[in-house]
Student: 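Okay, handing you the structure first.
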Amino acid sequence: MKFLKLLLLFIFVQVNGQQGGMWIPSLLNGMNESEMKKLGMKISAEDIYSINHSSMKDAVPQFDGGCTAEVISDKGLILTNHHCGFDNIQSHSTVEHDYLTNGFWAYKMEEELPNKDLYVTFIIRIEDVTSKVLEGTTTLTSEAEKQKKIQENISILNKTLPKETWQENSIRPFFDGNQYLLFVIENYEDVRLVGAPPSSIGKFGSDTDNWVWPRHTGDFSLFRIYADKNNRPAKYSKDNVPYKPKHFFPISIKGIKENDFTMVMGFPGRTQEYLPAVAVEQIVNTLNPAKIEVRDAALKVQDGFMRKDQAIKIQYASKYASVANYWKKWIGESKGLKKSNAVEVKQKFETDFQQKVIKAGKEAAYGNLLRDFEKNYAEIKDYALARDLFTEVALRNTEILQNGYRLYQLEQILKTKGEQAFTDRKNNLSNGIVDFYKDYNVNVDKNVFEQLIAIYAKRLPSQFLPNELKNLNASQLTTDVYNNSKLTNLEDFRSLLEGDSKTVIEKINADKGYQILKAMANAHTKNVVPKYDELNLKNSATQRTYMKAILELSPKSARIFPDANSTLRVTYGKVKGYSPNDAVNYEPITYLEGVMEKYVPGDYEFDVPQKLIDLYNTKNYGNYGVKGLDRAELKMPVNFIATNHTTGGNSGSPALDAKGNLIGLNFDRVWEGTMSDIYYSPEICRNIMVDIRYVLFIIDKFAGAENLIKEMKIIPN
Ligand code: ARG
Ligand code: ASP
């Protein structure tokens with residue numbers, strides 16, 4: 001009986017415990033490869049990353065520095081999310097050609113639309129350069145000196161390590177600076193828009209459904225990479241030709257079911273999986289609540305105006321969506337960290353860690369790390385809170401203060417860089433600010449200011465508060481600022497910038513709005529920044545040693561992966577539902593039926609295009625539909641979830657099956673599991689993907705873009 005229990009526990013740990021992780025594609029041999037095969041993978045690590053021949057990594061570029069894409073034809077066709085291509089789709093949209101609302105499809109290559117500044121980045125090879133980067137640093141005792149030397153080494157190595165003329169070297173730290181890897185990369189800069197569904201498909205569910213399962217979003221768009229005649233990177237030219245990839249993904253329309261193996265390759269941005277318990281506690285109890293409170297207030301004000309006024313609705317839609325995205329994420333993250341007892345789990349880990357240190361006789365090197373963390377985090381708490389509040393209130397959510405900060409930087413430039421730099425920046429600002437005021441409404445901003453300045457005065461540790469905000473009467477200050485400041489409209493703002501540097505500085509310093517921002521920024525720069533930087537540097541050094549100790553003291557078989565840092569990673573798992581709450585069980589796959597259930601005619605989040613309704617009513621799903629469970633009714637799969645460990649930056653990542661065929665497109669995570677950036681729990685962390693059959697169905701049956709389907713390599717059902 002006891003043996004059986006142990007066996008069951010062992011199996012549970014094998015199946016459920018050992019998941020998560022964002023792995024370096026060049027280092028999958030060994031533990032990862034055998035784990036992946038155990039989970040069902042039919043290919044080898046060499047098929048994913050090879051130095052000798054083309055491999056899957058050659059089909060996964062980073063998209064525009066922040067998202068991921070995948071190559072799906074031998075003519076450089078790539079797939080990414082609608083929300084990743086959004087800015088480019090928007091920039092081609094006009095009232096006559098509203099591609100955001102109606103979608104866009106190129107039925108011939110000549111119709112594809114070039115995009116200024118859009119680029120994709122391929123990884124050519126990855127090499128360990130740790131010893132080269134750390135050369136000459138071991139004797140340095142000051143952390144600041146050490147970091148300076150490392151930066152110098154990196155910048156020399158980036159220039160001198162071998163590469164072709166059209167390539168770049170990019171060295172990145174891993175494991176908090178215990179390892180450095182070189183990425184030889186190629187940036188392709190001629191990337192054209194090929195297709196995008198209407199927002200009512202590509203952004204279906206919008207903010208209400210964002211971070212939420214069950215989901216029904218067709219979050220995809222198509223682009224094409226162009227190259228010069230030698231297939232090398234080139235600036236846009238009409239003479240460029242479609243890029244010939246080293247590898248592109250075949251597409252499987254066989255379909256998926258619960259427990260199937262899946263893997264996701266992409267460029268996850270940032271995680272903090274190895275923070276000590278004290279740091280996680282600070283995020284849950286102090287930092288997240290402050291950031292959420294600020295955004296909560298700003299969003300409520302904006303929403304009130306947007307609901308009453310269509311013009312404001314349009315002006316603030318994109319700003320609202322981007323502020324709401326992380327607001328919602330932090331709420332889910334805090335909830336998840338609490339529910340999964342992440343702090344206790346970390347504390348338990350730390351108790352074990354301390355024992356291992358003693359057992360290994362490493363007390364001199366590692367015995368004080370946890371105590372250092374305790375001390376550092378207690379000391380940094382107020383500074384970290386002040387920093388987050390300043391960022392959220394002044395730099396992110398109050399528009400008059402954001403604008404004031406631009407003038408603040410202008411004034412700093414005059415002091416540090418002189419007249420010419422000042423004039424250049426001033427002219428840039430005067431021209432560039434037009435776009436800002438196009439989407440600015442003074443009443444919205446005024447109401448946001450009143451709320452946020454009150455939160456700032458109340459929540460900021462009092463020792464950091466500038467005199468101007470002591471004993472604050474928020475409504476009086478708001479009236480005073482908005483009656484007198486020239487930062488509230490384009491003409492007045494520009495008038496401030498007229499004249500020579502002396503005149504401009506005098507004028508802006510006489511402005512009530514600027515005075516408030518300047519008081520806040522000065523107090524912040526003087527009272528918060530230096531001490532925060534000092535403590536943060538200390539914390540980074542402690543974190544690096546802690547990471548080193550974890551690596552050193554863990555068994556060889558331990559699943560330790562480096563935190564995300566916007567480099568190419570592989571994560572794998574299984575298609576799986578989950579149970580977010582008592583008595584609630586979620587299925588892993590959604591269908592077009594669910595789109596129709598959510599349909600609200602004319603609604604900005606849940607409208608459905610008539611054409612899609614017609615296709616649904618006639619079940620015109622081509623080869624892409626599946627029989628329902630009872631095999632009676634044809635159904636169109638839309639989204640599915642799995643246990644892949646992903647984060648921001650993984651948007652647009654390919655979801656692959658056991659043979660390395662494309663089965664979906666990653667675009668989000670489930671709300672209850674957004675804590676995976678800090679603590680991954682296989683019980684509840686799921687990534688959300690668009691089923692590739694929905695993508696093909698929309699391209700083929702909805703858009704009629706058979707030209708694109710013909711280019712792809714679709715493995716028949
Ligand atoms: N939550 C997803 C990701 O972080 C999608 C964001 C875009 N969608 C939105 N409704 N804002 O970034
Ligand atoms: N939606 C995210 C992105 O844009 C993905 C995530 O955070 O899961 O990269």
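Counting convention: from 1, in listed order, for ligands and their atoms alike.
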Student: Of all the non-hydrogen atoms in the protein, which one sits nearest to atom 12 (O) of ligand 1, and at what distance?
Tutor: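 That would be Asn325 ND2, 3.2 Å.
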
Student: With backbone taken as N, CA, C and O and side chain as the heavy atoms from C-beta onward, which portion of Ser322 lies under 4.0 Å from ligand 1: side chain, backbone, both, or neither?
Tutor: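 No part of Ser322 is near ligand 1 at this cut-off.
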
Student: So is Arg669 polar-close to ligand 2, meaning N/O to N/O under 3.5 Å?
Tutor: yes

Student: Heavy-atom distance to atom 3 (C) of ligand 2: which of Gly673, Ser653, Ser651 wins?
Tutor: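 The option holding the nearest heavy atom is Ser651.
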
Student: Which of the numbered atoms in ligand 1 are under 4.0 angstrom from any heavy atom belonging to Ser206?
Tutor: 10 (N)

Student: For Asn115 and Ser91, test the side chains for any donor-to-acceptor distance below 3.5 angstrom and give the result as yes or no.
Tutor: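 Checked: Asn115/Ser91 side chains show no N/O donor-acceptor pair below 3.5 Å.
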
Student: Report yes or no: does Asn441 contribute a side-chain atom to a donor-acceptor pair with the main-chain N or O of Val444 at less than 3.5 Å?
Tutor: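 Here the side-chain-to-backbone pair exists.
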
Student: Within a distance under 4.0 Å of any heavy atom of Asn650, pick out the atoms of ligand 2 and give their elements.
Tutor: 9 (O)

Student: Are Tyr440 and Asp445 close enough that a side-chain donor and a side-chain acceptor fall under 3.5 Å?
Tutor: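 Yes, because at least one side-chain N or O of Tyr440 sits under 3.5 Å from a partner of the opposite role on Asp445.
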
Student: Identify, by atom number and element, the atoms of ligand 1 in contact range of Ala321, meaning under 4.0 Å from any of its heavy atoms.
Tutor: 11 (N)

Student: Hey, would you say the Phe606 and Tyr599 ring centroids sit under 6.0 Å apart?
Tutor: no

Student: Which residue and atom name correspond to the protein heavy atom nearest atom 5 (C) of ligand 1, and how close is it?
Tutor: Asn210 OD1, 3.5 Å

Student: Going by the rule side-chain contact (heavy atoms from CB on, under 4.5 Å), which residues pair with Asp388 if we only count those two or more places apart in sequence or in a different chain?
Tutor: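 Once residues adjacent in sequence are excluded, the partners of Asp388 under the side-chain contact (heavy atoms from CB on, under 4.5 Å) criterion are Leu287, Lys291.
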
Student: Measure the acute angle between the ring planes of Phe122 and Tyr243, then classify it against the limits of 30° and 60° as parallel, tilted or perpendicular.
Tutor: tilted

Student: When the ring planes of Tyr326 and Trp330 are compared, do they come out parallel, tilted or perpendicular, using 30° and 60° as the limits?
Tutor: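 Ring orientation, 0 to 90° scale: perpendicular.
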
Student: So is Trp211 polar-close to ligand 2, meaning N/O to N/O under 3.5 Å?
Tutor: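 It does not: no N or O of Trp211 is found under 3.5 Å from an N or O of ligand 2.
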
Student: Using a 3.5 Å cut-off on N or O atoms only, is Cys67 in polar contact with ligand 2?
Tutor: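 N/O-N/O distance under 3.5 Å: no.
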
Student: Taking only residues two or more places apart in sequence, or in another chain, which ones meet Asp98 in a salt bridge (Lys or Arg N to Asp or Glu O under 4.0 Å)?
Tutor: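 Result, salt bridge (Lys or Arg N to Asp or Glu O under 4.0 Å) vs Asp98: none returned.
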
Student: Check ligand 1 against Asp668 and write out every atom of the ligand that is under 4.0 Å from a heavy-atom position of the residue.
Tutor: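 Checking each atom against Asp668, I get 1 (N), 2 (C), 3 (C).
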
Student: Surrounding NZ of Lys335 (heavy atoms of other residues, nucleotides or ligands, distance under 6.0 Å), is the total greater than 12?
Tutor: no

Student: From Ser73 OG over to Ile78 CD1, what is the distance, rounded to the nearest 0.5 angstrom?
Tutor: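 Ser73 atom OG to Ile78 atom CD1 measures 10.5 Å (nearest 0.5 Å).
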
Student: Heavy-atom distances under 4.0 Å are what count here, so tell me which part of Asn666 touches ligand 2: side chain, backbone, both or neither.
Tutor: neither

Student: Output the list of atoms in ligand 1 that are nearer than 4.0 Å to some heavy atom of Asp207, sorted by atom number.
Tutor: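 Going through ligand 1 atom by atom, the ones under 4.0 Å from Asp207 are 10 (N), 11 (N).
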
Student: If you have a sec, work out which protein heavy atom is nearest atom 7 (C) of ligand 1 and how many Å separate them, to one decimal?
Tutor: His83 CG, 3.8 Å

Student: When you look for heavy atoms under 4.0 Å from ligand 2, do you find them on the side chain of His83, its backbone, both, or neither?
Tutor: side chain

Student: How about Tyr99 and His92: are their ring centroids closer than 6.0 Å?
Tutor: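 No.
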
Student: Does Gly648 have a non-hydrogen atom less than 4.0 Å from ligand 1?
Tutor: no

Student: Check ligand 2 against Gly649 and write out every atom of the ligand that is under 4.0 Å from a heavy-atom position of the residue.
Tutor: 3 (C), 9 (O)

